[in-house]
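When reading the values below, keep in mind they use all heavy atoms of this one structure, side chains included, and skip hydrogens, waters and symmetry mates. Since the model is a prediction, treat every value here as computed from it, not as a measurement.
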Amino acid sequence: MTLFGLPTSSAAGIMLTSCVSGAQLSNYATFLTDPQMAPLSIVMTALSTATAVFITPILTLLLIGKKLPVDVKGMISNILQIVIAPVAGGLLLNRHAEQSFGPCSCK
């Protein structure tokens with residue numbers, strides 16, 4: 001935090017941003033460059049998103065916890081609500097909506 005002489009709040013924001021998974025754009029880039037590798041990129045993104053629930057708060061605690069208080073349980077709860085719950089809900093709707101309403105006829 002002191003390498004560039006930034007205020008603690010700015011340095012904490014930069015560290016938090018660096019702790020967050022950012023692999024979603026790689027799926028699109030992989031699809032554009034080598035479509036055969038797209039499934040692997042999607043699996044890797046899914047794994048990084050799933051592990052981010054625990055890795056992001058732990059890294060934040062390790063990197064920022066000495067200077068600022070970090071609520072690990074609160075972060076895990078927020079990540080579950082913001083990321084995992086909508087993804088799980090979408091997967092469930094996708095699975096059960098087709099059975100209830102039939103396939104989508106959108107083109």
Side-chain angles (χ1 to χ4, degrees):
M1 285 192 193
T2 59
L3 182 65
F4 295 108
L6 294 173
T8 303
S9 58
S10 297
I14 291 170
M15 284 189 187
L16 181 59
T17 303
S18 69
C19 291
V20 174
S21 168
Q24 290 76 11
L25 183 60
S26 74
N27 291 336
Y28 183 65
T30 301
F31 178 74
L32 290 177
T33 57
D34 188 5
Q36 293 179 344
M37 294 302 291
L40 176 63
S41 179
I42 291 168
V43 168
M44 296 298 289
T45 299
L47 289 174
S48 76
T49 301
T51 58
V53 173
F54 302 105
I55 298 298
T56 301
I58 290 170
L59 282 175
T60 304
L61 179 65
L62 292 174
L63 296 173
I64 304 172
K66 295 176 184 173
K67 298 280 184 181
L68 296 172
V70 176
D71 180 16
V72 174
K73 289 181 185 178
M75 286 182 75
I76 290 173
S77 174
N78 286 339
I79 293 170
L80 284 171
Q81 292 172 12
I82 294 170
V83 177
I84 303 301
V87 170
L91 289 172
L92 287 172
L93 279 174
N94 187 33
R95 176 171 292 230
H96 296 293
E98 188 172 336
Q99 293 172 357
S100 299
F101 302 110
C104 179
S105 61
C106 305
K107 290 186 180 185

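The line from OG of S48 to CD1 of I55 is 11.0 Å long, rounded to the nearest 0.5 Å. Within the model, atoms CD1 of I14 and CG of L63 stand 13.0 Å from one another, a figure rounded to the nearest 0.5 Å. Atom OG1 of T56 sits about 12.5 Å away from atom CG of L61, to the nearest 0.5 Å. From L93, atom CG reaches atom NE2 of H96 across 8.5 Å, with rounding to the nearest 0.5 Å.
Annotation for P57 and M75: closest pair CG-CB, 3.9 Å, computed over non-hydrogen atoms.
Annotation: side chain to side chain contact (heavy atoms under 4.5 Å, CB included) contacts of Q36 (sequence neighbours excluded): D34. Listed by chain and residue number, T49, I79 satisfy the side chain to side chain contact (heavy atoms under 4.5 Å, CB included) test with V83 (two or more places apart in sequence, or in another chain). When the side chain to side chain contact (heavy atoms under 4.5 Å, CB included) test is applied to L80, the partners found at least two apart in sequence or on another chain are V53, I76, I84. With sequence neighbours excluded, the residues satisfying side chain to side chain contact (heavy atoms under 4.5 Å, CB included) with L47 are V43. The side-chain hydrogen bond (donor to acceptor under 3.5 Å, both in side chains) test applied to T51 returns no partner, not counting sequence neighbours.
In this structure, the side chain of S10 does not engage the main chain of L6 through any donor-acceptor pair within 3.5 Å.
Annotation for L91: hydrophobic cluster partners, listed by chain and number, are V87 (ILVMFWY side-chain heavy atoms under 4.5 Å, direct or chained).
At a threshold of 4.5 Å between non-hydrogen side-chain atoms, the residues S77 and K73 do not count as touching.
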